[in-house]
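Chain letters run A, B, ... following the sequence lines, proteins first, then strands; residues in each count from 1.
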There are 2 protein chains.
Amino acid sequence: MLRTIAQGFLKKKTTIYDLAKKLGVSPATISRSLNDHPSISIKTKEKVLQAAKETGYRINKFASNLSLQKSNTIGVIVPRLNSDFMSTVLSGIEKIANNAGYNLIISQSLEQEAKEKFNTKTLFESGVDALLVSLANETKNYEHFATFTERKIPLLFFDRVVDLPNCPTIIIDNEAAGYQATEHLIKQGCENIIHVSSGLNRSVYKLRYSGYKKALKEFSTYNREQLVEVGNFSQAEAQKVVDYIQSSKQPVDGVFVSNDNLAVYIIKALLKAGYKIPDQIKIIGFNNDPVTQVISPELSTIDYPGYKMGKLAGQSILSHLNGSINIESADQIILKHELIIRESSQK
Amino acid sequence: MLRTIAQGFLKKKTTIYDLAKKLGVSPATISRSLNDHPSISIKTKEKVLQAAKETGYRINKFASNLSLQKSNTIGVIVPRLNSDFMSTVLSGIEKIANNAGYNLIISQSLEQEAKEKFNTKTLFESGVDALLVSLANETKNYEHFATFTERKIPLLFFDRVVDLPNCPTIIIDNEAAGYQATEHLIKQGCENIIHVSSGLNRSVYKLRYSGYKKALKEFSTYNREQLVEVGNFSQAEAQKVVDYIQSSKQPVDGVFVSNDNLAVYIIKALLKAGYKIPDQIKIIGFNNDPVTQVISPELSTIDYPGYKMGKLAGQSILSHLNGSINIESADQIILKHELIIRESSQK
DNA sequence: ATTGTTTACGCAACCGATTACATAAAAATT
DNA sequence: AATTTTTATGTAATCGGTTGCGTAAACAAT
């Protein structure tokens with residue numbers, strides 16, 4: 001028996017073969033007992049359970065996975081872990097998966113297509129039973145997901161989605177949300193509204209933008225469509241927006257930002273630059289992150305139910321795995337969003 | 001060959017046996033070639049790689065894991081995913097693990113000891129090569145980690161730690177940080193400082209509290225130690241603190257909160273109740289979450305380097321796995337924290 | 001008592017890669 | 001040319017569960 005100087009004995013592991021020998025039965029009986037197979041007598045099962053407890057038997061998932069060709073593990077790829085929205089979604093997914101006895105392998109693409117590809121490959125090779133993805137902004141090619149679709153491993157997209165055959169998606173109606181946000185600003189009297197966004201390669205952002213355009217066309221007497229594109233939603237980008245506003249001939253009086261964080265930084269920068277919010281400039285964000293209620297004036301926004309999205313993503317993929325939903329029937333779940341009006345956009 | 005109505009052919013998987021047959025060599029040669037074993041001729045390796053590419057061969061990790069008895073997977077248990085600090089730490093861990101080719105199985109305890117136990121068991125059975133843990137507030141018993149220590153599977157605690165034999169920990173000097181935060185308030189003229197915290201069962205919080213007490217004893221002419229304990233750091237708990245302040249005979253003029261989020265909510269509630277910050281009441285938080293710079297007045301705090309902590313946790317566990325650090329020599333890494341003075345605590 | 005059913009369990013193949021050990025062929029040495 | 005050494009590959013066991021198929025024993029039915 002192995003031993004080390006500092007800690008005494010290294011606990012050896014027990015296998016079903018050890019238990020079989022100990023009880024004088026076959027390994028098959030041990031396996032069936034542990035899995036509560038109906039054709040094993042209660043008496044035997046009890047003996048096995050007892051012996052398993054005594055010896056500290058633990059199933060070896062490596063062997064079990066190989067035999068069953070499944071891992072009870074779900075892969076998740078997100079652009080980044082450290083965002084309010086994403087971590088909330090993940091929290092929802094984890095809750096559901098954990099309750100169902102599934103593990104979650106989580107990886108981040110950091111908005112890079114190459115990393116997303118790499119992670120997709122890694123997760124495939126780790127043998128995840130299903131994959132949940134929210135796409136990187138950079139991603140333009142979707143062939144790396146073929147390994148999953150070819151082998152009919154359930155693949156689901158949430159938030160940042162793409163329409164692939166037989167892959168369910170979970171989203172909100174981003175176009176309608178963008179439309180409503182813009183409509184709201186117009187109805188509050190804004191006549192020169194800009195839209196601030198990033199990653200227009202992704203449908204989420206493109207659709208919000210197109211909702212914005214649609215509302216302008218429909219409601220605004222002026223219809224001066226202006227997109228201010230930023231590299232990302234970090235504080236550093238806020239200044240670009242302020243610069244744009246300051247140099248605009250026609251004074252900007254409305255800002256629709258497709259991300260709360262950036263909206264908050266823009267508010268701070270605008271206040272610092274001497275603008276009055278909402279008197280001179282009205283502003284609305286997107287997501288309903290907690291930070292919207294911390295900034296002063298409190299930020300109007302679109303509520304995007306992240307936790308619910310996560311739970312649904314988890315449930316949806318689980319029901320695919322359980323076969324209770326036909327894998328062929330790709331579904332699209334559209335969650336309800338909600339316009340939340342706070343101080344930053346009120347007349 | 002299997003086929004389905006909707007999608008045509010189900011891609012069958014290739015094994016090393018298929019490749020062996022195809023090339024007229026043994027499976028061993030295939031395996032060695034794919035692993036770039038030195039005793040295989042370059043010519044053969046090239047043939048194998050070529051055939052592998054053609055047939056779309058993918059290694060079956062289930063088999064590989066079983067054979068090697070390792071999974072290239074690291075388990076992580078955190079109290080919750082959706083907190084700024086935690087998701088930042090996770091992001092750091094993921095970065096390191098991903099680069100080293102390791103997968104991360106992440107689960108949350110939701111502050112519950114039972115869930116932490118369950119997750120520990122699940123992760124053990126999934127065969128993670130190492131485990132990183134930040135403890136639940138509830139956890140008082142640590143025996144569930146024995147499965148790991150008994151088998152010498154690297155186990156590391158970060159942030160919410162406990163001192164177990166041979167388990168490295170990564171923390172900051174919470175007592176010193178609590179001391180400095182309190183000292184700062186005292187030096188700003190506060191005479192009646194309260195400390196708001198939760199989960200004092202955890203050393204992080206207990207140490208901040210004891211730093212607070214120490215500073216009071218050392219610097220304050222009054223030394224009126226008062227702990228306001230809340231259930232958690234959510235918005236709902238902020239009112240309790242305001243109630244305490246309002247009903248305090250001796251007017252409270254300093255608040256040291258062991259969490260930024262709660263501090264922010266307290267500021268909002270205090271402002272609403274008509275208090276002037278920092279004039280009447282000075283306040284300091286903990287963590288340096290982004291939200292500290294959104295609230296007005298901006299919140300003084302202790303900078304807690306979450307991303308760095310995550311990266312270090314990842315690196316530390318990897319070097320244990322690579323054997324480059326002696327597993328017996330348990331180490332304790334103490335990260336530098338920093339007092340950040342902003343508007344909320346200035347004279 | 002004989003035949004038909006259940007019940008409870010064992011046998012052995014299988015999942016797919018890894019690797020210690022053995023060995024044939026090629027190269028180097030004497 | 002004979003022998004030693006090196007190189008390249010094969011053989012077969014192993015990792016630890018799972019499960020289709022077969023069967024002895026117990027029970028039920030005729």
Side-chain angles (χ1 to χ4, degrees), chain A residues 2 11-49 51-52 55-73 101 124-129 151 153, chain B residues 2 11-49 51-52 55-73 101 124-129 151 153:
Chain A
L2 273 171
K11 189 142 180 178
K12 74 193 172 317
K13 56 179 134 197
T14 320
T15 70
I16 57 169
Y17 295 92
D18 299 329
L19 293 178
K21 198 173 293 173
K22 179 171 175 160
L23 298 179
V25 298
S26 77
T29 299
I30 303 292
S31 174
R32 292 195 178 101
S33 298
L34 294 170
N35 290 308
D36 203 22
H37 191 285
S39 81
I40 299 291
S41 73
I42 296 180
K43 216 180 292 181
T44 307
K45 275 182 194 166
E46 279 171 355
K47 266 196 317 188
V48 173
L49 270 313
T55 58
Y57 169 83
R58 302 286 186 142
I59 191 176
N60 183 325
K61 285 281 182 192
F62 296 153
S64 166
N65 289 346
L66 174 59
S67 185
L68 298 172
Q69 293 295 311
K70 71 180 294 259
S71 62
N72 257 263
T73 293
F124 174 78
E125 287 178 348
S126 338
V128 294
D129 296 338
R151 286 171 177 84
I153 302 171
Chain B
L2 273 171
K11 188 140 179 179
K12 73 194 175 315
K13 58 179 132 198
T14 321
T15 70
I16 56 170
Y17 296 92
D18 299 329
L19 293 177
K21 198 173 293 173
K22 179 170 176 163
L23 297 178
V25 298
S26 76
T29 299
I30 304 292
S31 174
R32 293 196 179 100
S33 297
L34 294 171
N35 290 308
D36 203 22
H37 191 284
S39 81
I40 299 289
S41 72
I42 296 180
K43 216 180 291 180
T44 307
K45 273 181 194 166
E46 280 170 355
K47 267 197 319 191
V48 172
L49 270 312
T55 57
Y57 168 83
R58 302 284 186 144
I59 190 175
N60 184 324
K61 285 281 182 193
F62 297 153
S64 166
N65 290 346
L66 174 61
S67 187
L68 298 172
Q69 294 293 312
K70 70 180 297 259
S71 63
N72 257 263
T73 293
F124 174 78
E125 287 179 347
S126 335
V128 293
D129 297 337
R151 286 169 177 84
I153 303 172

For the pair made of [atom1] in [X] and [atom2] in [N], what is the distance, rounded to whole Å?
{"X": "A:Leu23", "N": "C:dC9", "atom1": "CG", "atom2": "C1'", "value": "14 Å"}
{"X": "B:Asn65", "N": "C:dT18", "atom1": "CG", "atom2": "P", "value": "10 Å"}
{"X": "A:Lys43", "N": "D:dA26", "atom1": "NZ", "atom2": "C1'", "value": "12 Å"}
{"X": "A:Leu68", "N": "D:dG16", "atom1": "CG", "atom2": "P", "value": "16 Å"}
{"X": "A:Ile16", "N": "D:dC15", "atom1": "CD1", "atom2": "P", "value": "12 Å"}
{"X": "B:Leu66", "N": "C:dT18", "atom1": "CG", "atom2": "P", "value": "11 Å"}
{"X": "B:Lys47", "N": "D:dA8", "atom1": "NZ", "atom2": "P", "value": "13 Å"}
{"X": "B:Glu46", "N": "D:dT9", "atom1": "CD", "atom2": "C1'", "value": "17 Å"}

Base, sugar-phosphate, or nothing: which does [X] touch, judged by heavy atoms less than 4.0 Å apart?
{"X": "A:Ser39", "value": "base"}
{"X": "B:Gly24", "value": "sugar-phosphate"}
{"X": "B:Asn35", "value": "sugar-phosphate"}
{"X": "B:Lys13", "value": "sugar-phosphate"}

| field | Distance in Å, B:Leu23 CG paired with B:Ile16 CD1, rounded so as to fall on 0.5 Å steps | value |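 The distance works out to 12.0 Å.
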Whether [X] side chain and [Y] backbone form a donor-acceptor pair below 3.5 Å:
{"X": "B:Lys45", "Y": "B:His37", "value": "yes"}
{"X": "A:Thr15", "Y": "A:Tyr17", "value": "yes"}
{"X": "B:Ser71", "Y": "B:Asn65", "value": "no"}
{"X": "B:Glu46", "Y": "B:Lys43", "value": "no"}
{"X": "B:Lys61", "Y": "B:Asn72", "value": "no"}
{"X": "A:Thr55", "Y": "A:Ala51", "value": "yes"}

| said: Under 4.0 Å from OP1 or OP2 of C:dC9: is there any side-chain N or O of A:Ser41 that close? | reply: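 For A:Ser41, the contact criterion (side-chain N or O under 4.0 Å from OP1 or OP2 of C:dC9) is met.
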| Phosphate contact (D:dC15 OP1 or OP2) by A:Thr15 side-chain N/O below 4.0 Å |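 For D:dC15, neither OP1 nor OP2 has a side-chain N or O of A:Thr15 closer than 4.0 Å.
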| Pair A:Ser41, A:Thr44: side-chain N/O donor-acceptor within cut-off below 3.5 Å |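 Checked: A:Ser41/A:Thr44 side chains pair up, N/O donor to acceptor below 3.5 Å.
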| query | Would you say the side chains of A:Ser26 and A:Thr29 form a donor-acceptor pair under 3.5 Å? | reply |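 Distance-only check passes for A:Ser26 and A:Thr29.
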| task | Under 4.0 Å from any atom of DNA chain D, heavy atoms only: list the residues of residues 25-34 of chain B that qualify, in numerical order. | result |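 Only B:Val25, B:Ser26, B:Ala28, B:Thr29, B:Arg32 qualify.
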| said: Which residues in residues 55-64 of chain A have a heavy atom closer than 4.0 Å to any atom of DNA chain C? | reply: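 By residue number: none to list.
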